[in-house]
Amino acid sequence: MTDSVSRPTNFIRHIIDNDLNEGIHDRVATRFPPEPNGYLHIGHAKSICLNFGIAKDYEGTCNLRFDDTNPEKEDIDFVNSIKHDVQWLGFQWQGKERYSSDYFEQLHSFAVELISKGVAFVDFSTQEEIREMRGTLKAPGSNSPYRDTPIEENLAHFEKMKNGEYAEGECCLRAKIDMSSAFMCMRDPVIYRIKFAHHHQTLDKWCIYPMYDFTHCISDAIEGITHSLCTLEFQDNRRLYDWVIENITIDCTPRQYEFSRLNLEYTVLSKRRLIQLVEDKHVDGWDDPRMPTIAGIRRRGYSPASIREFCLRIGVTKMDNMVEMSMLEACIRDELNSSAKRRMAVLDPVKIVIENFGDDEWLDAPNHPMNEEMGTRQVPFSKELFIEAEDFRESANKKYKRLVLGKEVRLRNAYVVKAERIEKDDDGNVVCIYCSYDPDTLGKDPADGRKVKGVIHWVSASHALDAEVNLYNALFTVPNPAAEEDFASTINPESLVVKNAKVEPSLSDSEPLQGLQFERQGYFCKDPSSSTDHLVFNRTVELRDSYARVNSL
RNA sequence: UGGGGUAUAGCCAAGUUGGUAAGGCAGCGGGUUUUGAUCCCGCCAUUCGUAGGUUCGAGUCCUGCUACCCCAGCCA
């Protein structure tokens, strides 16, 4: 995947190219900085591919840093799943993973430095008072009565904060900047707050925790990050990022650049909504194949390479965007088209009996139509088979290229059969189709030159394995569920359709998550929960289907 | 006149110093095909949010509008 596809270029790479050319930097260092408060999703993949991709292409480094400054929301389970997902995507961070909490000691010292310089103070105002004094978007704020507390007193107060002598919420440390700034984040932002909370890394060592704006820039500087990439909503925060770096004594000046986050049609990518889907049991968990989480997409059958390719194709800009699902689907189809072994599975079985057929035969069937190196497998052919119910009609127009009463059709990898008569139940449903076959059509066209237009898939009734097949459709019925008043009300009731299918016996050997194509149906993979007693397959994505498209009009 | 951002096709997105609109997805038409798949061929922006201006020449420069997104957590 390489030369034909244009190399990624974007405004961030232009900036880096320029920095390198101008000698502003002689190396590139990035970082991926998730807060361990949830599972990674496809939106994070965009950031991961951006940061690790740049490090790779510029022969630089990329750190994995957990932004763990809010112990109340974070959990060690999340750090483990995040590490696992980043590696699964195919990336390895520089050295050991980092934690913002690794720097709590240094962060504290820098806070003391700010207080000593008279640009930070301990505020005993209540949270409500601070909010009121902040002003509004159009009206300037007002100074806190604690703003001019002498430096020595602030130092003493902060020491007491650190020693747990004040209650949560009783006071906080604020940077002294400008209460009339047009940037709300510059109106004396809180940089340390009191939390008597257990931290997954530092345990009970601290009862004061630094805020994001104070922590992130310093962590970047400590790690020698050159280009700190984050999403658009942090654009205003950049002023505070730069202010902190300028006001402390540190010899590194990382720069922050912002890009737009990913939005994908027919799903949601905000942590809050994802949590709701799981907690309200709209899905089976974080790894439900309908979820846009890395865990969910993985279980759905997407490969790391296909997700990386997707991130390459969508690009990186500052434009708000809403990417169509077809973009993601095209990526996995491209990969699976060349890599997936072909198999046959009948999702809605109806029986056919080939009356003039004798003993069972095992036929050779190629694993891939275009790649002989992928070999063949044996499929049992017998007198009684299952075909797809929708592949038979008593009568049909010429556009219908499947089995029709009195007409012929090709059974994939096998013979040409002709439907002679049918048997129906009391409700008029076809329960059995009696056919005849032409013994001279295995691997070749009829000798007399008659044309058989259709090809349908099948499985031997006596050899077929029972399998649960999960068909997944869009989780939501509207392109942008997040814009709804109640997004949960737009959940697609048919996002999961379970089929009791009949599959060819070779499928018992397939590896979990290994991509397969059920011919004429789509790409599937065996679910990790699948067992010999209970085979389970998940549909990754359908095949393109121009017939269905024309027919639906 | 709070501030910060963004406007190129249905979607994503190139477009370095002004030189005459890449590519991908989707779609449409045709060919091949034992998957209505794949593959192959062809089509798909006289115009870059909009109105002016500068210029021989503007998506690129200037001015005025318009639309949308973000900011008033002791969240990140």
Side-chain angles (χ1 to χ4, degrees), chain A residues 4-6 9-10 14 17-18 33-35 37 67 69-70 72-73 123 126-127 130-132 134-141 168-174 180-187 189-195 209 211-213 215-216 230-239 258 260 265 271 312-331 333-334 337-338 342 344 366 368-370 399-402 409-414 416 441 443-445 452-457 517-522 542-551:
Chain A
S4 60
V5 179
S6 56
T9 175
N10 56 52
H14 288 319
D17 289 339
N18 186 65
E35 180 185 17
N37 68 342
D67 221 336
T69 58
N70 189 350
E72 293 169 337
K73 294 188 173 180
D123 197 327
T126 64
Q127 212 168 137
I130 287 180
R131 185 183 346 109
E132 284 163 17
R134 188 150 33 224
T136 68
L137 294 179
K138 297 190 178 183
E168 275 187 30
E170 187 174 353
C171 59
C172 60
L173 183 69
R174 292 226 261 167
S180 61
S181 172
F183 295 100
M184 297 303 289
C185 66
M186 297 296 271
R187 320 244 266 223
V190 172
I191 56 176
Y192 258 97
R193 78 292 217 187
I194 300 170
K195 279 182 191 290
Y209 291 93
M211 298 286 286
Y212 164 85
D213 284 302
T215 308
H216 205 94
C230 63
T231 42
L232 249 32
E233 66 270 25
F234 292 101
Q235 287 176 116
D236 286 359
N237 300 250
R238 186 175 67 241
R239 279 70 187 186
E258 312 86 11
S260 55
E265 280 191 346
K271 207 158 280 179
L312 224 48
R313 293 188 190 184
I314 59 175
V316 176
T317 69
K318 303 181 77 130
M319 287 187 266
D320 291 322
N321 61 77
M322 178 68 75
V323 177
E324 292 176 348
M325 214 31 116
S326 61
M327 190 84 92
L328 216 207
E329 294 175 339
C331 295
R333 278 200 196 102
D334 276 2
N337 175 49
S338 57
R342 270 55 174 175
M344 293 195 286
H368 191 107
M370 312 291 283
K399 290 181 65 180
Y400 186 79
K401 304 195 297 177
R402 308 178 191 184
V409 77
R410 158 76 63 183
L411 292 180
R412 177 70 165 158
N413 300 312
V416 168
T441 53
K444 55 188 174 185
D445 290 329
V452 177
K453 52 185 184 310
V455 180
I456 63 174
H457 59 278
Q517 184 191 106
F518 289 175
E519 290 193 277
R520 302 209 309 130
Q521 294 286 5
E542 291 177 89
L543 251 30
R544 269 181 83 241
D545 186 356
S546 53
Y547 178 70
R549 209 163 35 237
V550 170
N551 250 22

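Hydrogens, waters and symmetry mates play no part in the numbers below; they use all other heavy atoms, side chains included. Here the structure is a predicted model, which means the values were calculated and not measured.
Scanning atom types as modelled, no donor and acceptor separated by under 3.5 angstrom connect the side chain of A:Gln521 and the base of B:U35. A donor and an acceptor atom never sit less than 3.5 Å apart when one is taken from the side chain of A:Arg520 and the other from the base of B:U35. Judged by distance alone, with hydrogens and angles left aside, A:Arg544 brings no side-chain donor or acceptor close enough to the base of B:U38 to form a pair under 3.5 Å.
Atom CD in A:Glu329 sits about 15 Å away from atom C1' in B:A37, given to the nearest Å. Atom CZ of A:Arg238 is separated from atom P of B:G3 by 16 Å (rounded to the nearest Å). Atom pair A:Asp334:CG and B:G24:C1' shows a separation of 10 Å (rounding to whole Å applied). To the nearest angstrom, P of B:U34 lies 16 Å from CE of A:Met344.
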Heavy atoms under 4.0 Å is the rule here; annotate nucleotides 70-76 of chain B 5' to 3' with B where the base is hit, S where only the sugar-phosphate is, and - elsewhere. SBBSBSB
When every nucleotide of nucleotides 12-17 of chain B is labelled 5' to 3' by its protein contacts under 4.0 Å (heavy atoms), B for base, S for sugar-phosphate only, - for none, what sequence of letters results? SSSS--
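Nearer the 5' end of RNA chain B, as judged by each residue's closest nucleotide, is the contact made by A:Leu328, out of A:Leu411 and A:Leu328.
The residue A:Gly454 sits apart from the nucleic acid: no heavy atom pair falls under 4.0 Å. A:Thr215 comes within 4.0 angstrom of nothing in the nucleic acid, heavy atoms only.
B:A37 is unpaired under the criterion used here, namely a Watson-Crick or G-U wobble arrangement in which both key atom distances are under 3.5 Å. The partner of B:G18, taking Watson-Crick or G-U wobble pairs whose two distances both stay under 3.5 Å, does not exist in any strand shown. Remark: B:U6 base-pairs with B:A67; criterion is Watson-Crick or G-U wobble with both hydrogen-bond distances under 3.5 Å.
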The test is side chain to side chain contact (heavy atoms under 4.5 Å, CB included); show your working for A:Thr231 and A:Glu233 and say whether it passes. CA-CA 6 Å; A:Thr231 42; A:Glu233 66 270 25; 3.0 Å; yes
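Counting heavy atoms from C-beta outward, A:Val190 and A:Asp123 have side chains that stay 4.5 Å or more apart.
B:G73: glycosidic angle within 90° of 0, hence syn.
Residue A:Arg239 has a polar side-chain atom (N or O) positioned under 4.0 Å from OP1 or OP2 of B:G5.
A:Lys195 and A:Glu72 are joined by a salt bridge, as a carboxylate oxygen and a charged side-chain nitrogen come within less than 4.0 angstrom of each other.
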